[in-house]
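Remember, it's a predicted structure, so these values are computed and weren't measured experimentally.
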Amino acid sequence: MADVSRPGTRRRIRHLFDRVAKYIVGAGGLATIISILGIFVYLVWEVIPLFQPATVSPELTLPVAIPETQVSERTPMMVGIDEYREVPFIFEGKQLKFLSLPHGTPIPEAGGGLSIEGEPTSVVRVGLKGHTLSVGTDRGLVYLVKILYRSDFQGDQRTILPSVKVNDPVRVVPDGRGIILHAHVTRGDELQTVVALTGSGELWVTRIEEPGDFSFSDDVVVTTNRLVLPPKAHLRTLALDSVGKRLVAGTNDGHLLAWEWERQGFDALPQSVPVGAAEDGVTALSYVLGERTLVVGTTSGSVSTWAFSADQSGPFGKILRKVHTFTPHTRSVTSLSVSQRDKGFLTADEQGTVLLHYSTTGETILEIPGRGKAIESLRYAPKADGAVWVEEGGTLQTYAIDNPHPEVTFKSLFFPVTYEGYDRPEMIWQSSSGSDEFEPKLGLIPLMFGTLKGTLYAMVLAIPLAVMGAIYTGMFMHPHLRAVVKPSLELMAALPSVVLGFLAGLWFAPLLERIFPAVVAIVGLLPLVIAVCCLAWQFLPIRIKRFEAYGLDLVVMMVAIVLTVSACLMANQSIEGWLFGGNFKQWLIQNLGLTYDQRNAIVISFAMGFAVIPIIFSIAEDAIANVPRQLVAGSLALGATRWQTLTRLVLISASPGIFSALMIGFGRAIGETMIVLMATGNTPIMDWSMFNGFRTLSANIAVEMPEAPHGGTLYRVLFLSGLILFGFTFTINTIAEIVRQRLRQKYSQF
């Protein structure tokens, strides 16, 4: 057994421990780097699907032509499919046919011939959700045909059971002899509106008012009116919103005619807006989900979206304006189908080419090449995960579409977008609403702006106080007093940020609103009072100034500060009258155009500054204190004053450490979550005003993540926010290290 008391043995043991410690420290550092890289890789992995292109794959090609003996020569057709894409239907003439996929087996117990009087001359889908068709006949009648799907489960086996219901017809043309080319129907609890275009070019409106629960009459009121069309206006297609208040028609000469319902009827004269060239007729027209945006397809193949916006200068109040122009077709647009889930829509042309577009972003997402045959009827699957159409000649085509994040593009995330209800492009974050028809607004720039704004306002307060405090503590304060002050300030860093946010939001923000005039006076008077006290201290006798070692100068300064603050607080109302005319909020609005919000950037400046100051102070003070004392003593011995020694020696030598302190504090402020979450209004706006709130990336993640569906668009955009934060902090730390190393090399001679 070796004798550990011998020097050689002890030396070998020390070397062994040193080697083990070296490997442990190295392994810990390597594990830290691997962990950070792992976090980065995981963030990137979650974000990548946002920017992957949509894909489409063919599923089924099936001949489904209905025998000619059952239909007339000119029969409209409509196709549709259930939400599981298992049972499509084809409506042609009076025949409704259901098929069971994937083999295309007919379902004879459902569908068949429908009890419709006369020959169908038009069929239009009613509404954006469900499977309701408006069928017009050659006898001036309009039928509502409802196609229903019910899911039946036997164990794990799902069976889709289709059925059909035909409502009583509505007579639109009074004489009953009009051929209806296009008919739209809206049906509410007590009101039904039918708009029909006849073969003779007439436009008829029928409204059926049924008695409500609190009505004094049981009579059904039916009114039929013919709308007056502009001269030489030949209508081709119609679009009516779900409440029957806004009617838009497309003409053969490339115009959109828009009517608004006013009290007892539609406008006498419609608003007319040219879509394109005079020969570019409107062939397809439909509202997208939400019914605030119109999709227009033309004979030239162009596809565009239009929306109503305010126009107080004109006679209509609202005017149709073009919002986006999409990738055009090479031939005339023959069919159009909108999504029931989002703002996407499909368009098809005479060559059978199908394009998928998205209204919000203005992007054409994918193209399905055609087979040279015109598409007679097109339907976007209810879950926006597929498409079904019937080509000329009676061939059914089904496709699967994988497009999980259509609302996200690089442009929509980082550049202005024209959203519904806005007259110009805006950068907005609004991820949810109370309506399923809501258009998500996922612009990250307001959140990045809020992060930068909150950080800058916090640093404006933290940097001067922390750095000046570090300079005084490390250079001028007596060592005995420093031994008390420095640990006390460092203890501030242990205060949880949630406590700071709680106090800032629920106590300090209301208090600041009440004493804001006094705070303005304090900010103006306090530097002057401190300067006067410092100047007066220099003229005191030596026998008094020697008590600096016991902190007398600090006591005097604190007394002056407390008296100044107390005087301003007691004179708060008087100061508000002198400076702001008795009401500082009204003064801000009238003179500066600024609105004071209770939870604003000033509150964040104090609260987050309070959290950042200990970090900057501690690191900066250590950097100053670590300047070799012999250099400081030599400078003083050569006749330099303490101030000269500080500015020409100490700050230069300590500059790498001070810069690192600032960067670490900056990174701490960028990543702060709870303080900005609780002490601001969490309003994602872009305004540098100190009197309103903002929302940061970190606070947005905390607010939105609990409500974000796993794997959904919002979920992945929040991961993108985390990746941006990761990039911010990584960039800041990298820059800080590079600058620190260069400063260290430059001033190493000191």
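Residues Glu672 and Ser698 have side chains that never bring a donor and an acceptor to within less than 3.5 angstrom of each other. Between the side chains of Arg321 and Ser309, at least one donor N or O sits under 3.5 Å from an acceptor N or O. Judged by distance alone, the side chains of Glu363 and Thr409 never bring a donor and an acceptor atom under 3.5 Å apart. With hydrogens and angles left out, the side-chain atoms of Thr347 and His357 include a donor and acceptor closer than 3.5 Å. Side-chain polar atoms of Thr360 and Glu407 form no donor-acceptor pair below 3.5 angstrom. When only modelled atom types and interatomic distance are considered, Thr327 and Thr364 share a side-chain donor-acceptor pair under 3.5 Å. Glu490 and Ser618 share a side-chain donor-acceptor pair at under 3.5 Å. A side-chain donor from one of Asn692 and Asp687 sits under 3.5 Å from a side-chain acceptor of the other.
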Checking His131 against Tyr149 for the side chain to side chain contact (heavy atoms under 4.5 Å, CB included) test, could you report, in this order, the C-alpha distance in whole Å, the side-chain angles of both residues, the deciding distance, and whether it holds? CA-CA 9 Å; His131 306 276; Tyr149 288 100; 3.8 Å; yes

Apply side chain to side chain contact (heavy atoms under 4.5 Å, CB included) to residues Phe51 and Leu413 and explain how you reach the verdict. CA-CA 11 Å; Phe51 302 100; Leu413 291 172; 3.6 Å; yes

Stepwise salt bridge (charged side-chain N to carboxylate O under 4.0 Å, His left out) test for Arg599 and Glu513: CA-CA 9 Å; Arg599 299 186 180 186; Glu513 185 178 19; over 6 Å; no

Is there a side chain to side chain contact (heavy atoms under 4.5 Å, CB included) between Leu355 and Val303? Walk through the geometry before answering. CA-CA 10 Å; Leu355 298 179; Val303 179; 5.8 Å; no

Apply salt bridge (charged side-chain N to carboxylate O under 4.0 Å, His left out) to residues Asp241 and Arg292 and explain how you reach the verdict. CA-CA 9 Å; Asp241 65 358; Arg292 303 184 67 177; over 6 Å; no

Going through the checks in order, is the side chain to side chain contact (heavy atoms under 4.5 Å, CB included) test met by Val295 and Tyr287? CA-CA 6 Å; Val295 183; Tyr287 286 102; over 6 Å; no

Intermediate values then yes/no, salt bridge (charged side-chain N to carboxylate O under 4.0 Å, His left out), Lys343 and Glu420: CA-CA 11 Å; Lys343 304 295 181 177; Glu420 290 181 339; 3.1 Å; yes

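Checked against the 6.0 Å centroid threshold, Trp688 and Phe449 count as a close aromatic pair. Aromatic pair Phe508/Phe606: centroids less than 6.0 angstrom apart. For an aromatic pair to be called close, the ring centres must be under 6.0 Å apart, and Phe726 with Phe40 satisfies this. With ring centers used as reference points, Phe326 lies 6.0 Å or more from Tyr358.
Inter-residue side-chain proximity for Gln430 and Pro440 is flagged as unmet; no heavy-atom pair is nearer than 4.5 Å. Side-chain contact check for Leu461 versus Phe610: every heavy-atom pair is 4.5 Å or farther apart. A 4.5 Å side-chain heavy-atom check between Ile724 and Leu444 finds at least one atom pair inside the cut-off. When side chains are defined from C-beta on, Leu489 counts as touching Met492, because their heavy atoms get closer than 4.5 Å. Here the side chains of Val417 and Pro425 are not in contact, with every heavy-atom distance at 4.5 Å or above. The side-chain heavy atoms of Pro517 and Phe580, taken from C-beta on, include a pair separated by under 4.5 Å. Asn600 is not listed as a side-chain neighbour of Thr680, based on a closest heavy-atom distance of 4.5 Å or more. Residues Leu336 and Leu285 are not in side-chain contact: their nearest non-hydrogen atoms beyond the backbone lie 4.5 Å or more apart.
Between the CG atom of Leu294 and the CZ atom of Phe308 there is a distance of 6.0 Å, given to the nearest 0.5 Å. Rounded to the nearest 0.5 angstrom, Leu718 CG and Glu707 CD are separated by 11.0 Å. Going from atom CG of Asn700 over to atom CD of Glu704 covers 5.0 Å, rounded to the nearest 0.5 Å. Here the CD1-CG distance, from Ile561 to Leu526, works out to 5.5 Å after rounding to the nearest 0.5 Å. To the nearest 0.5 Å, atom CD1 of residue Ile463 and atom CG of residue Leu456 are 9.0 Å apart. Between Ile401 atom CD1 and Leu356 atom CG the span is 5.5 Å, to the nearest 0.5 Å.
Within 6.0 Å of CD on Glu367 lie more than 12 heavy atoms contributed by other residues, nucleotides or ligands. Within 6.0 Å of the CE atom in Met705, the count of heavy atoms belonging to other residues, nucleotides or ligands exceeds 12. The neighbour count for Phe502 CZ, taken as heavy atoms of other residues, nucleotides or ligands under 6.0 Å away, does not exceed 12. Counting non-hydrogen atoms of other residues, nucleotides and ligands closer than 6.0 Å to CZ of Phe730 gives a total of 12 or fewer.
Distance alone, capped at 3.5 Å, is enough to place a donor-acceptor pair between the Glu576 side chain and the Phe584 backbone. Side-chain atoms of Asn572 never come within 3.5 Å of backbone atoms of Ile575 as a donor-acceptor pair (strictly under, hydrogens ignored). Of the possible donor and acceptor atoms, one in the side chain of Lys453 sits under 3.5 Å from a partner among the backbone N and O of Ser689. The backbone N or O of Leu697 lies less than 3.5 Å from a partner atom in the side chain of Thr451, making a donor-acceptor pair. Proximity of a side-chain donor or acceptor of Arg695 to a complementary backbone N or O of Pro684 within less than 3.5 Å is not detected. Side chain of Thr731 to main chain of Gly727: a donor-acceptor pair is present (N/O by atom type, distance under 3.5 Å, no hydrogens or angles). A donor-acceptor contact shorter than 3.5 Å links the side chain of Ser337 to the backbone of Tyr380.
Checking each of Thr729, Ile616, Val612 against Arg668 for a side-chain contact (heavy atoms from CB on, under 4.5 Å) leaves exactly one that passes, namely Val612.
Listed by chain and residue number, Glu46 satisfy the salt bridge (Lys or Arg N to Asp or Glu O under 4.0 Å) test with Arg716 (two or more places apart in sequence, or in another chain).
Ion pairing of Glu260 with Arg246 is present here, as a side-chain N (NZ or NE/NH1/NH2) and a carboxylate O approach within less than 4.0 Å. In summary, Glu426 and Arg424 engage in a salt bridge, as defined by a charged side-chain N under 4.0 Å from a carboxylate O. Note on Asp82 versus Lys383: no salt bridge recorded, every NZ/NE/NH1/NH2 to OD/OE distance being 4.0 Å or above.
Figure legend: cation-pi geometry between Lys585 and Tyr596 absent, as NZ or CZ is not positioned both under 6.0 Å from the six-membered ring centre and within 45° of its axis.
In this structure, Phe516 and Phe691 have perpendicular ring planes: the angle between them is above 60°, well past the 30° mark. By the 30° and 60° cut-offs, the orientation of the rings of Phe415 relative to Phe410 is tilted.
Smallest separation of non-hydrogen atoms from Ala702 and Thr673: CB-CG2, 3.8 Å. The shortest non-hydrogen separation linking Met686 to Pro446 is CG-CA, 3.8 Å. In terms of heavy atoms, His324 sits closest to Thr418 at NE2-O, 4.0 Å.
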